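As the structure is a prediction and not an experimental result, all values here were calculated from the model. Computed from heavy atoms alone, side chains included, the values below leave out hydrogens, waters and symmetry copies.
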Amino acid sequence: MSLNNPFFNWFYNGPIGWPLFLIIALVATLWLNLDSLKRHLPVGWLRLAVILPILLLLPIVIYQFGDAVTQRSMRGASLLIVGSGVLAGLIPAIIALGYTARFWGMAGCTRGHPPYLKAKGLCPICARQTLPGMPGHESSIMPGETRGEAKSGRKTVKAWLITGTGYSFQLYKGDTIIGRYEESDISLDDKAISRLHAKVVEEDGQFLIYDLGSTTGTWLNGNRVRRPESLNNGDEVALGDGIRLTFTTDKSRVGLPPKSS
């Protein structure tokens, strides 16, 4: 087929032509990869599938930047060159649209569980692991006793993190470190908790929560903590293997130590 065909001429020589299909392919590839990584979606095969079709633009690139001899030898394959170039843009676009439709409103679990609706806040499988008695809820502190009462030499503030089973961790002035490390201010025995997982910082009566580069992440009211986030009464902090802690500055919500017999 002759290059004098209007579409072929536009594709090969126009100021838009084949670069348009390259731009479509690159936009689709970047969108799918960045969005899936941001939402922790396990779609590694799609990330590869959307990249590979870009190789179909190789013939037109060779033609455009080749010498006269190369171009003359490739003119007989003009139909194949145009077809592969068009597919190079359409295939990534179709894959990206299919990905968007399939995973709209969904998020991935950092522990490898299947994707779930983001509106649910947390992975349903992880959420079921918050039942009393699951790993990470055991503590050397008795129900009603606070971590602040168990340690000395640090000034505490009127703020607590309370578990669903009645344990209370009083926060310290300045930094309160949460982690699996035994010397953490709040030590949680859970393999999904990093040695130094998160910290709560008190600044002039305001409280901020930071993630310390943990493996499984720190979540505030269902949203992953990626930067310092403010804590307010009733906020829920989730970390590790489904551990949930409620932040409060209301002492009436903190149980009293059990009476001695």
Side-chain angles (χ1 to χ4, degrees), residues 1-123 211 213-220 222-229:
M1 190 173 287
S2 172
L3 293 182
N4 292 326
N5 178 289
F7 179 77
F8 279 27
N9 184 58
W10 171 83
F11 182 85
Y12 279 94
N13 304 313
I16 301 177
W18 67 269
L20 173 64
F21 293 94
L22 174 60
I23 292 171
I24 292 173
L26 291 177
V27 169
T29 299
L30 286 173
W31 156 251
L32 191 152
N33 279 273
L34 294 177
D35 184 72
S36 62
L37 289 171
K38 179 181 178 181
R39 292 194 279 160
H40 307 286
L41 293 170
V43 292
W45 59 278
L46 273 180
R47 294 174 193 149
L48 181 62
V50 78
I51 292 173
L52 290 179
I54 297 178
L55 295 176
L56 294 173
L57 281 166
L58 189 59
I60 184 61
V61 172
I62 293 174
Y63 179 88
Q64 288 291 328
F65 298 99
D67 55 26
V69 175
T70 301
Q71 291 181 346
R72 192 160 45 248
S73 67
M74 296 180 69
R75 285 186 180 180
S78 58
L79 180 61
L80 180 62
I81 293 172
V82 172
S84 65
V86 171
L87 289 176
L90 293 182
I91 292 176
I94 292 171
I95 292 174
L97 288 173
Y99 157 83
T100 303
R102 169 66 179 82
F103 295 101
W104 183 264
M106 301 189 76
C109 176
T110 57
R111 294 182 57 78
H113 298 142
Y116 60 93
L117 288 175
K118 191 176 181 181
K120 292 184 177 180
L122 286 175
C123 167
D211 182 78
S214 63
T215 303
T216 54
T218 303
W219 305 78
L220 177 62
N223 298 310
R224 187 160 189 169
V225 175
R226 302 184 184 278
R227 64 183 67 85
E229 298 283 357

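Across all their heavy atoms, I54 and A25 have their closest contact at CG1-CB, 3.8 Å. Taking all atoms of both residues into account, the shortest heavy-atom contact from P53 to A88 is O-CB, 3.4 Å. Here the shortest heavy-atom pairing between T29 and N33 reads O-ND2, 2.8 Å. Of all non-hydrogen atoms in A28 and P92, the two that sit nearest each other are CB-O, 3.4 Å.
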>> As a quick check of understanding, evaluate side-chain contact (heavy atoms from CB on, under 4.5 Å) for Y12 and V82, giving each step before the final call.
In response: CA-CA 8 Å; Y12 279 94; V82 172; 3.6 Å; yes
> Between T70 and F65, does a side-chain contact (heavy atoms from CB on, under 4.5 Å) hold up when you go through it step by step?
Replying inline: CA-CA 9 Å; T70 301; F65 298 99; over 6 Å; no
>> Checking V61 against Q64 for the side-chain contact (heavy atoms from CB on, under 4.5 Å) test, could you report, in this order, the C-alpha distance in whole Å, the side-chain angles of both residues, the deciding distance, and whether it holds?
In response: CA-CA 5 Å; V61 172; Q64 288 291 328; 5.8 Å; no
> Between R224 and D211, is a side-chain contact (heavy atoms from CB on, under 4.5 Å) present by the stated rule, with each step listed?
Replying inline: CA-CA 9 Å; R224 187 160 189 169; D211 182 78; 5.5 Å; no
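Contact of the I91 side chain with the L56 side chain is registered, since non-hydrogen atoms from C-beta on lie closer than 4.5 Å. No side-chain heavy atom of Y99 sits less than 4.5 Å from a side-chain heavy atom of V50. Contact annotation: the side chain of I81 never approaches that of F8 to less than 4.5 Å [non-hydrogen atoms, C-beta and beyond].
Rounding to the nearest 0.5 angstrom, the gap separating the CD1 atom in I51 from the CG atom in L30 is 9.0 Å. In this structure, CZ in R226 is found 13.0 Å from CG in L220, a value given to the nearest 0.5 Å. Taking CG of N9 as the reference point, atom OG of S78 lies at 12.0 Å (rounded to 0.5 Å). Atom-to-atom distance recorded for L41:CG and D35:CG is 7.0 Å, nearest 0.5 angstrom. Remark: L87 CG to L57 CG distance equals 10.0 Å, nearest 0.5 Å. Note that CZ of F21 is 10.5 Å distant from CD1 of I16, once rounded to the nearest 0.5 Å.
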Pair up each side-chain donor or acceptor in residues 100-109 with any protein partner under 3.5 Å, not counting sequence neighbours, and list the distances.
from	atom 1	to	atom 2	distance (Å)
T100	OG1	W31	NE1	3.2
T100	OG1	A96	O	2.8

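Taking the six-membered ring for Trp, F7 and W10 have ring centres closer than 6.0 Å.
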